[in-house]
Number of protein chains: 2
Amino acid sequence: MKIGLDIMGGDFAPRATVLGAIAAYKALEPHQKLVLIGDKDQALPILEEHNFSPENFEFVHATQAIGMGEHPTKAITQKPDSSISLGFKLLKEGKIDSFSSAGNTGAMLVGAMFSIKTIPGVIRPAISTVVPKLKKGYGIMLDVGANADCKPDTLLQFGILGSLFAENILGIHNPKVGLMNIGEEEEKGNLLMLATHPMMKDTNSFNFIGNIEGRDLFNEKADVIVCDGFTGNVMLKLAETFYVLTRQKGFQDEFFARFNYEQYGGSPILGVNAPVIIGHGISSPEAIKNMILLSRSMITTKLIDKITSAFK
Amino acid sequence: MKIGLDIMGGDFAPRATVLGAIAAYKALEPHQKLVLIGDKDQALPILEEHNFSPENFEFVHATQAIGMGEHPTKAITQKPDSSISLGFKLLKEGKIDSFSSAGNTGAMLVGAMFSIKTIPGVIRPAISTVVPKLKKGYGIMLDVGANADCKPDTLLQFGILGSLFAENILGIHNPKVGLMNIGEEEEKGNLLMLATHPMMKDTNSFNFIGNIEGRDLFNEKADVIVCDGFTGNVMLKLAETFYVLTRQKGFQDEFFARFNYEQYGGSPILGVNAPVIIGHGISSPEAIKNMILLSRSMITTKLIDKITSAFK
């Protein structure tokens with residue numbers, strides 16, 4: 001197994017990424033190899049500083065890097081030697097089994113769709129995010145930004161993608177799928193949700209429990225929260241505010257602690273032909289480590305094969 | 001001045017509403033009369049219990065009440081003697097200067113649009129909510145539920161309505177208007193926001209500061225937050241969760257204290273021909289009192305006249 005990591009991605013790269021790789025190494029089994037993609041010359045001194053042998057990793061040297069503010073499509077095409085472009089090349093060629101980066105979100109999305117491409121039958125891949133649940137454990141919300149405008153059949157598919165993730169990665173049996181809406185009743189909602197609700201009600205593809213509301217994000221009603229990428233993105237950023245605020249104000253709490261994005265590593269792109277994870281721009285070594293371990297879970301559970309089968 | 005209050009509206013009516021009216025009475029000037037609309041026979045024992053003279057109020061007896069779960073349009077037409085129907089009748093006839101209720105939100109919206117009607121030039125009225133700001137004071141977000149689907153020109157008008165509220169009621173000079181979106185850049189967003197942004201950029205009707213994101217709800221970027229009613233409703237309910245959670249967990253904090261909906265009383269419907277406020281279903285006496293005081297502000301500042309002039 002080869003787990004690919006962009007060591008140039010994120011606000012604190014390459015230090016945070018290399019330190020994250022070291023931390024992950026200790027949790028990996030011998031046959032689970034980390035492939036670090038980026039500027040090897042920058043990585044080596046950090047490893048040396050920590051008395052960590054470079055032999056423990058494989059390296060793919062990249063002479064370019066895509067900045068956080070660069071235009072995704074332009075950057076991907078104009079920087080073929082960037083760590084993100086190279087990562088997707090390796091992933092497409094099967095030389096790595098997963099690719100993750102805390103770098104440019106748009107470039108990761110575009111790169112995935114241009115290289116490994118969408119799984120046949122999937123209309124649009126979704127960026128998903130893990131959300132902490134009040135009682136215990138986690139749920140998943142999707143889409144959180146890949147598709148600002150969605151159609152009902154796209155949302156229906158997000159229910160399938162999210163269910164498979166919840167079942168295989170979060171270990172939730174027969175996960176409950178909720179449609180994010182502005183009322184519990186079937187006749188509530190905007191045009192999109194009014195059209196999506198009956199399709200979800202009719203499906204045998206997942207366990208639809210009906211509409212949920214903004215107040216249900218953290219409770220036990222749904223394990224999989226389906227929404228368009230606009231709504232999901234706004235909710236995610238609002239929820240992050242609260243994590244930041246409780247931290248700033250020194251509130252200590254088990255639930256708010258589980259809010260910490262570092263614990264779940266990153267946001268998987270679901271619906272593409274390989275495990276791809278986008279990390280938070282501010283990823284710390286701990287976040288990078290957990291992104292690597294999430295990549296491993298996506299490989300070992302054969303999540304992509306299961307998604308592919310579901311859409312056959 | 002006559003301030004109309006539905007004493008049958010809300011989960012704890014008529015006790016909470018009558019006690020709220022008593023509390024408000026002490027803050028009102030002699031010429032500011034409260035008109036209590038509802039079942040007088042239920043109100044009198046509560047007043048007596050508190051040694052409060054019914055002479056301090058005017059009463060309009062209502063033999064019916066609209067329940068929280070009733071279908072708005074049906075309820076309004078089939079219950080002409082309900083407190084909400086009567087309230088709007090009085091408001092339309094000019095016998096009261098404002099009307100507020102913590103009852104059925106839909107019935108309040110439908111009632112307002114059927115009776116006092118939309119201000120000429122306003123495409124769609126919006127339900128607005130006051131949001132606490134981290135540093136100090138409050139901002140306003142609209143729409144939070146009246147219009148699940150919006151068009152760009154409707155959002156543009158929300159900017160005008162929100163600005164006038166922020167200026168007149170919240171006392172903010174030249175309020176900053178932000179468009180809730182999924183990125184700061186002009187080219188970010190769903191189709192609705194992509195179409196709305198240039199219209200807001202071109203307007204002279206308010207001080208547009210550009211796109212804002214979910215994380216900006218409580219910071220100083222914008223005083224007026226414009227969004228469609230679907231997004232606003234989801235955000236509002238998510239934000240309420242945090243208030244509830246911090247309370248449950250016993251976190252004490254000046255900011256989270258200002259989250260308390262009781263402090264701002266209710267959600268004004270902006271864009272109709274009179275001051276109308278919808279209170280939270282769980283309104284306490286404190287919330288009712290502040291809803292009454294907010295009604296008074298909307299009357300004394302002549303907010304409706306100012307909105308009417310702006311749309312001429």
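The basis for the numbers below is simple: all heavy atoms, side chains too, and nothing from hydrogens, waters or symmetry mates. Chain naming here is simple, since letters A, B, ... match the order of the sequence lines and numbering starts at 1 in each.
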Among B:Met235, B:Glu240, B:Lys249, B:Lys188, the residue with the most heavy-atom pairs under 4.5 Å to chain A is B:Lys249
When only pairs under 4.5 Å are counted, which of B:Leu236, B:Asn219, B:Asn181, B:Asn147 shares the most heavy-atom pairs with chain A? B:Asn181
Portion of A:Leu134 that has a non-hydrogen atom of chain B nearer than 4.5 angstrom: side chain
Side chain from CB out, backbone as N, CA, C, O: work out which of these in B:Leu191 comes under 4.5 Å of a heavy atom of chain A, or both, or neither. both
Given a strict heavy-atom distance threshold of 4.5 Å, which part of B:Glu185 is in contact with chain A: side chain, backbone, both, or neither? neither
Please check if atom NZ in A:Lys237 has more than 12 non-hydrogen atoms from other residues, nucleotides or ligands closer than 6.0 Å. yes
Surrounding CD of B:Glu254 (heavy atoms of other residues, nucleotides or ligands, distance under 6.0 Å), is the total greater than 12? yes
Drop me the distance from [X]'s [atom1] to [Y]'s [atom2], to the nearest 0.5 angstrom.
X        : Y        : atom1 : atom2 : result
A:Asp149 : B:Met193 : CG    : CE    : 10.0 Å
B:Glu187 : A:His71  : CD    : NE2   : 7.0 Å
A:Thr231 : B:Leu238 : OG1   : CG    : 11.5 Å
A:Arg215 : B:Tyr243 : CZ    : OH    : 14.5 Å

Taking the six-membered ring for Trp, are A:Phe218 and B:Phe242 parallel (under 30°), tilted (30 to 60°) or perpendicular (over 60°)? perpendicular
Counting heavy-atom pairs under 4.5 Å with chain B, the top scorer among A:Asn233, A:Ile182, A:Thr241 is A:Ile182
So which residue, A:Leu192, A:Thr246, A:Leu245, ends up with the most heavy-atom pairs under 4.5 Å with chain B? A:Leu245
Shortest non-hydrogen pair, B:Gly189 vs A:Ala148, comes out as O-CB, 3.6 Å
Sub-4.5 Å side-chain heavy-atom contact between A:Phe230 and B:Phe230: no
Hey, does B:Val234 have a side-chain heavy atom less than 4.5 Å from the side chain of A:Glu213? no
